[in-house]
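The sequence lines fix the lettering, A, B, ..., with proteins before strands; numbering per chain opens at 1. Note that these values count all heavy atoms, side chains included, but never hydrogens, waters or copies made by symmetry.
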Number of protein chains: 2
Amino acid sequence: MVTIKDVSRLAKVSKSTVSRVIADNGYVSETKRRAVEEAIATLGYRPNTMARGLRSNRSNIIGGVVLDVTSPFYAQMVGGTQQACRDAGKGLLLSSGFGDTAEEERAIIELVDRSCDGLVLNLENPIRREVADIIRAAGIPVVMVGASDYPVADGAVTVDNAGGAEAGMAYLLDQGHRRIAHLGGGTAHRDSRQRVRGIERALEARGLTLDDINVEHGTFTEQYGYDAIKRLFAHKAPYTAIFAGDDDIAAGAVLALKELGYRIPEDVSVIGFDDNFHARHLTPALTTVRQPIGEVGRIAAEMLLKLLSGHPLEQKSVIVPAELIVRGSVAAPSGSAKS
Amino acid sequence: MVTIKDVSRLAKVSKSTVSRVIADNGYVSETKRRAVEEAIATLGYRPNTMARGLRSNRSNIIGGVVLDVTSPFYAQMVGGTQQACRDAGKGLLLSSGFGDTAEEERAIIELVDRSCDGLVLNLENPIRREVADIIRAAGIPVVMVGASDYPVADGAVTVDNAGGAEAGMAYLLDQGHRRIAHLGGGTAHRDSRQRVRGIERALEARGLTLDDINVEHGTFTEQYGYDAIKRLFAHKAPYTAIFAGDDDIAAGAVLALKELGYRIPEDVSVIGFDDNFHARHLTPALTTVRQPIGEVGRIAAEMLLKLLSGHPLEQKSVIVPAELIVRGSVAAPSGSAKS
DNA sequence: CCCTGATGTGGGAACGATCCCATACGACCT
DNA sequence: AGGTCGTATGGGATCGTTCCCACATCAGGG
């Protein structure tokens with residue numbers, strides 16, 4: 001392995017000077033700088049990350065914990081984070097928590113131990129005190145994704161779930177729907193609660209309340225969407241529109257509705273949330289609320305990078321807007337569709 | 001920061017003994033071992049990764065380069081790799097090449113520089129000599145995913161594209177189809193070429209050749225599938241079955257066929273490849289050939305881990321079978337459907 | 001002419017682990 | 001008694017950087 005010593009020997013300068021050239025700080029004369037750069041090139045010298053990290057206590061690696069890398073949705077988030085890191089010359093060390101608290105904590109501690117310069121965390125569960133202390137003791141900045149109220153967070157990025165849900169609900173209501181069911185992801189999820197809140201706002205803006213529709217709580221799974229529809233539509237068609245908590249639920253709902261012989265959107269309208277990679281591929285293409293999740297991952301990384309470079313954040317909490325994407329799964333209710 | 005020295009002081013032993021306890025090698029008496037473990041616990045000592053890495057030249061980190069983290073397909077692969085790494089107590093440092101040679105090389109070199117213990121590579125392009133030399137100089141093992149003929153590879157995992165395609169084609173032929181078009185992903189991709197080879201085998205087993213069907217080459221995109229169908233079916237229905245190069249192409253083909261008024265599978269059968277997330281969600285659900293891609297990622301990591309532990313591989317090249325998944329997009333051709 | 005401050009350079013002590021080597025002791029054999 | 005071997009322990013060099021400090025030189029001001 002070629003070391004800084006080899007370079008210094010070839011360039012006829014001290015190790016210190018080489019180090020200064022590499023780090024581009026301190027005083028170096030133009031002549032020596034040139035000599036060092038030449039020596040580096042001829043020897044093919046690449047600094048040893050470990051030695052550098054040991055001495056400077058920095059690794060140029062950012063740690064990321066994400067709920068589930070496997071999921072297409074989070075994959076997109078990771079993509080954004082990774083790209084931002086790469087552009088800044090940082091590596092991304094990745095772990096998944098898979099929604100398990102113990103696993104998430106293990107992952108976090110491991111990332112801290114690996115001397116990550118900072119963390120981007122997308123967690124299912126709140127961080128326990130002990131883990132928070134470990135992070136704090138290491139003195140590394142943390143940006144949370146999807147939740148803003150954790151004690152250790154120096155920054156947070158969230159999607160405007162309420163605003164997005166409000167737009168979606170407003171769209172349904174303005175199309176004339178009144179018999180609406182919301183198949184939510186469950187009150188345990190903050191995202192889910194915020195979406196219900198947005199739905200409520202849309203209703204209130206039109207003189208209605210949550211009691212005027214049916215709000216159900218299940219899980220963010222296709223299975224739940226499928227089962228819920230089969231149950232709700234067992235005997236008759238009680239609703240003209242379904243607002244699914246996410247696109248997975250929507251997919252299950254669409255499948256169930258089709259099996260029951262309902263046409264979409266003629267008989268029943270369906271709207272989703274997320275704009276999954278696959279929303280476009282449903283038949284009909286799913287009208288949904290897009291979460292710009294890649295963007296979220298990118299912004300989180302950029303916030304972290306800014307913190308790492310010593311600049312304070314002008315905005316500790318960034319809320320990214322969610323946008324209604326109109327495709328083909330929503331129409332005016334058949335009763336009122338007198339065009 | 002609490003160091004090994006602090007532990008040794010508290011446990012009244014030397015640094016060396018503490019190190020031996022941590023690494024669980026060498027001779028340590030039961031008494032001292034207990035004392036050290038106790039000291040570690042009370043101090044909350046966690047070894048410094050950098051120092052350890054510098055000295056031992058090992059990082060316990062595995063580097064992964066994947067074509068595109070953003071894609072759901074590769075995300076699943078990454079998931080498998082990550083899980084295997086985690087189970088072995090290794091970290092996974094991730095990079096994406098996005099199909100760009102320069103980017104892929106940059107990513108590889110960076111991973112080598114970060115002292116990764118080994119690499120899992122899923123690349124679009126062959127590795128250039130210089131990069132291969134850098135990897136070799138670092139002396140770290142490499143497992144390739146999806147391609148087996150690179151010079152630096154110590155192991156390789158591939159999916160049996162030919163076998164899968166053969167099964168798919170056999171299925172179409174056995175249903176009675178003879179007027180078949182294959183919309184391939186393009187000869188530039190080895191996967192694509194192997195699939196054509198499998199199709200050929202199925203034909204030959206039945207006394208036919210590739211000339212008896214229509215083999216087209218496009219790209220692995222929905223757009224291509226859509227355009228190809230619109231072109232081929234412009235005036236009449238020349239084919240009773242479409243074998244798409246992957247599920248994206250299949251999705252585009254299905255959309256185009258529907259727009260042209262063909263029923264699937266009554267008028268035209270469609271079969272895909274991959275078993276993407278959305279294959280199940282197409283209407284009708286897509287009959288396709290499943291690539292167990294998560295499995296592939298896991299196996300690749302396991303091979304690498306085995307190499308890292310010093311054991312040679314009993315199989316340098318592992319070929320994972322692809323399985324035909326029968327759903328609803330294939331039926332017997334209408335002409336021959338005399339049930 | 002001395003002092004100060006800016007510029008330039010090298011020496012060498014850290015950083016926190018690993019691991020080689022020296023040493024010690026008891027058991028057992030010859 | 002002396003030698004050998006297995007077990008147990010500590011000392012300290014070492015990994016490749018960074019970075020503090022000492023020192024040198026030179027210009028400009030008092």
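Annotation: side chain to side chain contact (heavy atoms under 4.5 Å, CB included) contacts of Ser115(B) (sequence neighbours excluded): Met50(A), Ser59(B). When the ring pair (Phe, Tyr, Trp, His ring centres under 6.0 Å) test is applied to Phe220(B), the partners found at least two apart in sequence or on another chain are His189(B). Take Asp191(B) and apply the side chain to side chain contact (heavy atoms under 4.5 Å, CB included) test, not counting sequence neighbours, and it matches Asn161(B), Gln194(B), Arg195(B). When the salt bridge (Lys or Arg N to Asp or Glu O under 4.0 Å) test is applied to Asp113(B), the partners found at least two apart in sequence or on another chain are Arg46(A). For the side-chain hydrogen bond (donor to acceptor under 3.5 Å, both in side chains) test, no residue two or more places apart in sequence or in another chain qualifies with Asn25(B). Annotation: side chain to side chain contact (heavy atoms under 4.5 Å, CB included) contacts of Thr42(B) (sequence neighbours excluded): Leu10(B). Partners of Pro72(A) according to the side chain to side chain contact (heavy atoms under 4.5 Å, CB included) rule, which considers only residues two or more places apart in sequence or in another chain, are His278(A), Pro72(B).
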Less than 3.5 Å apart, which donor and acceptor atoms pair up between the side chains of residues 75-86 of chain B and the rest of the protein, not counting sequence neighbours?
residue  : atom : partner   : partner atom : Å
Thr81(B) : OG1  : Met77(B)  : O            : 3.1
Thr81(B) : OG1  : Gly297(B) : O            : 3.1
Gln82(B) : OE1  : Ser96(A)  : OG           : 3.4

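Between Val143(B) and Ile299(B) the shortest side-chain heavy-atom distance does not fall below 4.5 Å.
Boundaries of the chain A contact region on DNA chain D are dG16(D) to dC19(D), first to last in 5' to 3' order (nucleotide atom under 4.0 Å from a heavy atom).
No more than 12 heavy atoms of other residues, nucleotides or ligands lie within 6.0 Å of CG in Asn57(B), so this atom counts as exposed by the packing criterion.
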Restricting to nitrogen or oxygen on both sides, can you table the protein-nucleotides 6-14 of chain C pairs closer than 3.5 Å?
residue : atom : partner  : partner atom : Å
dT7(C)  : OP2  : Tyr27(A) : OH           : 2.9
dT9(C)  : OP1  : Ser29(A) : OG           : 2.9
dT9(C)  : OP2  : Ser29(A) : N            : 2.7
dT9(C)  : OP2  : Ser29(A) : OG           : 2.9
dG10(C) : OP2  : Ser14(A) : N            : 2.9
dG10(C) : OP2  : Ser14(A) : OG           : 3.3
dG10(C) : OP2  : Thr17(A) : OG1          : 2.8
dG10(C) : N7   : Arg20(A) : NH2          : 3.1
dG10(C) : O6   : Arg20(A) : NH1          : 3.4
dG11(C) : N7   : Ser16(A) : OG           : 3.1
dG11(C) : O6   : Ser16(A) : OG           : 2.7
dG12(C) : O6   : Ser16(A) : OG           : 3.3
dA14(C) : N3   : Arg55(A) : NH1          : 2.8

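Taking five base pairs at each end of the helix from dC1(C)-dG30(D) to dT30(C)-dA1(D), the local helix axes there meet at an angle of 60°, rounded to 10°.
Contact check of residues 42-53 of chain A against DNA chain C (heavy atom, cut-off under 4.0 Å) returns no residues at all.
Taken to the nearest 0.5 Å, the CD atom of Glu105(A) stands 8.5 Å off from the CG atom of Asn125(A).
Straight-line distance from the CG atom of Leu54(B) to the P atom of dC19(C): 12 Å, rounded to whole Å. Counting to the nearest Å, the C1' atom of dG16(C) and the CZ atom of Arg114(A) are 16 Å from each other.
The closest side-chain donor-acceptor pair between Ser16(A) and Ser19(A), if any, does not fall under 3.5 angstrom.
Ion pairing between Glu110(B) and Arg106(B) holds under the 4.0 Å rule for side-chain N and carboxylate O.
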